[in-house]
Enquirer: 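Pasting a structure below so you can have a look.
Each ligand, and each atom within it, is numbered from 1 in the order the structure gives.
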Amino acid sequence: MKPRPVAALVFLALVPAAAQPIPEAQADQRARALLAQMTLPEKIGQLSQLFYGIGPTPSDPIELVRSGSVGSFLFVTDPATTNRLQHIAVEQSPHHIPLLFGFDVVHGFHTIFPVPLALAASWDPALIRAVQSLAAREAAAVGVRWTFAPMVDIARDPRWGRIVEGAGEDPVLGSAIARAQVQGFQGPYIGAPDHVIACVKHFAGYGAADGGRDYDSSYIPDTLLWNVYLRPFEAAVQAGVGTLMSAYMDLNDVPATGNRFLLDDVLRKTWGFRGFVVSDAFSVRDLATHGFARDPADAALRALTAGVDMDMGSMTFARQLPALVQQNRVSRDRIDEAVRLILIAKIRLGLFEHPFVDEARAPQVFNDPATRRQARLAAARSAVLLRNEHSALPLNPNLASLAVLGPLADSSSDILGSWSFAGASAPAQTILQALRARLPNARIDYAPGVQLRRRFPSMFDALFGIKHPTPWSPAQARTELDRAVSLARAASTVVLVLGEAQEMSGETGSRSSLDLPGDQEKLLEAVAAAGKPTVLVVLAGRPLNLSWASAHIPAILDVWYPGVEGASATADLLFGDAVPGGKLPVTFPRSAGQIPVYYAHNLTHEPETALDFTSRYQDELTSPLYPFGYGLSYTTFSFSHLRLDKPAVPAGSTIIGSVDVANTGSRPGDEVVQIYVHQRSGSASRPVRELKFFERVSLAPGESKTVRFSLGRSDLAYWSSATRSWVNEPSAFDLWAGADSNAPLHATFDVTP
Ligand code: BGC
């Protein structure tokens with residue numbers, strides 16, 4: 001084909017996206033028309049995505065673009081490079097099909113917001129929608145039109161490093177956050193200006209990896225699959241997510257990337273998903289590594305026929321599909337179907353009309369102060385106050401001297417958390433710097449006390465050439481610890497910042513222990529022994545074992561990895577300019593030995609309430625350190641007047657309720673109203689409690705609000721492994737309302753036949 005005239009394309013270049021939605025049917029028609037003209041190699045090109053700029057690139061990427069052998073790149077974040085590659089695609093490739101640029105915009109692009117687990121702790125879907133919309137705007141400004149997010153894997157094992165990327169342990173909270181993220185990234189329609197197409201991942205069950213080891217097999221019984229692990233994916237599909245990513249691991253012995261049950265029976269046939277599926281990186285090739293596919297050809301065959309449309313990174317489709325088609329082992333129709341779905345996405349994104357990006361615009365978008373303000377607000381709303389004995393917090397802003405201690409207190413990179421590559425160019429303030437700025441007249445001393453490092457390096461070290469400081473000698477380590485302790489003794493107040501360096505969390509960031517890594521526990525106990533009012537600020541991407549701290553340190557504030565404005569938000573919280581209102585999206589165990597420990601477990605034949613309770617550890621409590629949904633405030637709240645509109649409803653009908661929540665303290669603050677339900681009998685045992693509704697409300701001192709909720713058919717239905725179907729069963733139900741998963745305020749209702 002002849003190249004298209006360049007002038008026409010340049011004219012269109014500066015409009016970033018489709019200002020009007022392109023109806024799916026129209027996009028489909030255009031895709032089919034284009035498909036009819038394409039050769040098989042070009043079609044296979046559309047199914048192939050390549051990494052650009054990191055790791056080895058298999059061949060000359062420019063030539064691949066020119067010949068139409070690649071349809072998408074990931075990791076291109078520089079607008080000039082985007083445009084350069086795009087010019088070649090739309091001017092020189094056979095059918096001028098634009099490239100789709102993807103990137104992991106997980107919690108911000110240039111402006112790094114709190115990590116997803118932190119955002120989940122805000123229990124504030126509207127905030128999360130707003131945050132991801134801003135993240136999309138920054139990404140779109142460099143030409144990234146596809147994010148590999150949201151990650152909606154339910155995780156009930158905090159040893160798993162990627163728990164930081166999701167919304168925690170609960171399907172209802174996880175589904176609400178999945179929806180909010182899809183809406184935030186994609187905006188009102190796929191192709192909306194300043195937005196990107198989202199990719200829900202990793203389908204499905206990645207969070208249940210054996211032993212919490214990344215990539216290890218997941219074994220998930222069907223009851224948990226349907227009632228827990230699949231729920232947020234279904235919510236994302238219902239919210240109109242444009243694309244979906246397969247997962248790395250075996251699910252019940254079948255690798256997710258070759259899993260027809262997941263990708264076809266559930267995703268397409270049951271949920272009616274109409275977008276396209278991309279593999280996780282290299283996972284098509286790795287179907288052979290798993291001991292599942294015989295060889296690369298078999299891997300390509302099984303991924304494509306299971307339902308993967310695009311091969312991320314491995315070029316296995318590119319290398320194997322031509323021969324497979326020739327041998328009639330793969331049908332041309334299946335290839336056409338995959339290409340059609342990818343073309344529809346490109347058409348709806350408006351890439352054919354507006355393939356380029358305005359290179360001058362990115363700095364302007366990046367420097368929008370409103371985005372920084374939102375980052376600060378999000379960090380403040382994500383923090384969870386775990387302990388505050390005798391109102392140790394907020395701190396007195398007139399304090400004379402402060403010791404800021406700990407290996408994370410003066411770090412500008414750890415505060416960002418994982419998946420913050422593109423944001424690393426905007427250095428974050430450290431907590432030490434923020435406290436110095438807040439208290440210009442106080443004496444502030446700092447010592448790290450200990451060093452933090454992984455025992456085995458992170459895969460990102462090699463990929464991005466990350467260098468770590470030389471480890472201290474034993475003598476140096478002793479001196480540094482002593483120095484920190486003497487600063488604690490000399491100060492009037494101590495802020496200790498402990499937790500995990502960011503590379504200890506995230507992909508390949510699994511741990512066998514939840515203890516504070518390195519010598520931090522030693523530092524904690526030695527500093528506490530100095531006897532000064534001490535606040536522990538925790539920076540981490542997972543629940544940690546804070547058992548000792550929870551018994552000895554009066555104030556503990558978990559800020560997770562709070563992002564580029566995390567330090568200023570932490571200072572806001574410590575001095576009471578912001579009031580903590582976040583709640584745990586995941587249970588905090590007392591130690592790794594309690595795992596799995598999640599609130600929505602079933603009753604045993606000897607529940608904890610029984611007098612002869614023996615279903616327990618002989619050496620540890622069975623209750624967690626902090627329950628799901630838990631978090632304190634600087635004010636106090638009370639719940640009352642739990643009412644249901646009727647004592648009984650027929651199965652499938654809706655019951656409506658309300659509860660009053662009042663701020664009983666002297667400061668304004670937020671409470672998250674949580675409603676839990678238990679079905680007392682049925683065809684299968686049901687969890688002791690399941691979250692069914694939540695709402696974060698702001699209340700002035702003395703103010704009270706009535707929060708209404710309704711529980712309909714889908715809220716009370718569950719997938720029964722006895723009937724192997726979704727059921728709405730007659731039963732007596734318990735209902736609780738309150739501030740966490742131990743909420744005491746109780747009511748009952750019946751569901752009748
Ligand atoms: C991760 C995905 C990510 C992809 C591309 C993989 O290693 O599992 O979550 O989207 O890399 O960066």
Side-chain angles (χ1 to χ4, degrees), residues 48-57 72-77 100-109 115-117 132 135 139 144-155 160-167 178 181-182 185 196-209 212-216 218 232-233 236 241-251 255-257 276-287 289-290 303 308-316 417-424 458-464 503 505-510 541:
S48 304
Q49 185 191 45
L50 279 181
F51 279 87
Y52 187 94
I54 63 160
T57 307
S72 172
F73 283 102
L74 72 165
F75 271 76
V76 183
T77 54
L100 174 56
F101 294 95
F103 190 67
D104 293 275
V105 186
V106 172
H107 55 113
F109 180 75
V115 289
L117 190 63
Q132 297 302 34
V144 167
R145 298 303 310 285
W146 182 19
T147 177
F148 306 119
M151 192 285 235
V152 305
D153 294 299
I154 297 284
W160 189 51
R162 302 195 78 170
I163 193 172
V164 64
E165 296 177 49
Q181 295 200 72
V182 171
F185 285 130
V196 298
I197 193 167
C199 180
V200 64
K201 70 186 186 185
H202 308 83
F203 195 59
Y206 187 22
R213 289 177 297 273
D214 214 358
Y215 313 142
D216 215 332
S218 292
F233 286 97
V241 71
T243 74
L244 174 140
M245 189 186 291
S246 71
Y248 280 132
M249 76 311 140
D250 284 349
L251 172 68
T257 299
F276 74 85
V277 172
V278 65
S279 74
D280 200 347
F282 303 99
S283 67
V284 174
R285 178 198 68 190
D286 292 341
L287 289 183
T289 320
H290 272 259
V308 171
D309 302 303
M310 186 186 277
D311 168 0
M312 182 190 282
S314 82
M315 292 303 257
T316 309
S418 66
W419 294 119
S420 52
F421 312 120
S458 157
M459 72 167 180
F460 296 109
D461 290 356
L463 273 179
F464 296 103
E503 76 270 10
S505 172
E507 191 169 351
T508 67
S510 293

Enquirer: Based purely on interatomic distance, does Tyr248 place a nitrogen or oxygen under 3.5 Å from a nitrogen or oxygen of ligand 1?
Expert: yes
Enquirer: Is ligand 1 less than 4.0 angstrom away from at least one heavy atom of Phe421?
Expert: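 Under 4.0 Å: no for Phe421.
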Enquirer: Can you list the atoms of ligand 1 that are under 4.0 Å from a heavy atom of Phe75?
Expert: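 Per the distance check, 12 (O).
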Enquirer: I'd like to know if Met151 contacts ligand 1, where contact means a heavy-atom distance under 4.0 Å to any ligand atom.
Expert: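 The answer is no, since Met151 has no heavy atom less than 4.0 Å from ligand 1.
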Enquirer: Using heavy atoms and a 4.0 Å limit, tell me yes or no: is Phe103 in contact with ligand 1?
Expert: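 No, Phe103 has no heavy atom closer than 4.0 Å to ligand 1.
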Enquirer: Between Phe101 and Tyr52, does the ring centre distance come in under 6.0 Å?
Expert: no
Enquirer: Tell me whether Glu165 reaches ligand 1 (any heavy atom closer than 4.0 angstrom to a ligand atom).
Expert: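 Flag not set, Glu165 not near ligand 1.
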Enquirer: Provide the number and element of each atom of ligand 1 under 4.0 Å from a heavy atom of Lys201.
Expert: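 That gives atoms 2 (C), 3 (C), 9 (O), 10 (O) of ligand 1.
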Enquirer: Within a distance under 4.0 Å of any heavy atom of Phe148, pick out the atoms of ligand 1 and give their elements.
Expert: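 Close to Phe148: 10 (O).
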Enquirer: Among all the protein's non-hydrogen atoms, which is closest to atom 11 (O) of ligand 1, and how far away is it?
Expert: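 It is Asp280 OD1, 3.7 Å.
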Enquirer: Examine Phe148 together with Phe103 and report whether their ring centres are nearer than 6.0 Å.
Expert: no
Enquirer: Provide the number and element of each atom of ligand 1 under 4.0 Å from a heavy atom of Leu74.
Expert: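 So the atoms of ligand 1 that pass are 5 (C).
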Enquirer: How would you list, by chain and number, every residue that makes a salt bridge (charged side-chain N to carboxylate O under 4.0 Å, His left out) with Asp104, sequence neighbours excluded?
Expert: Lys201
Enquirer: Side chains of Trp146 and Ser72, heavy atoms from C-beta outward: is any pair under 4.5 Å?
Expert: yes
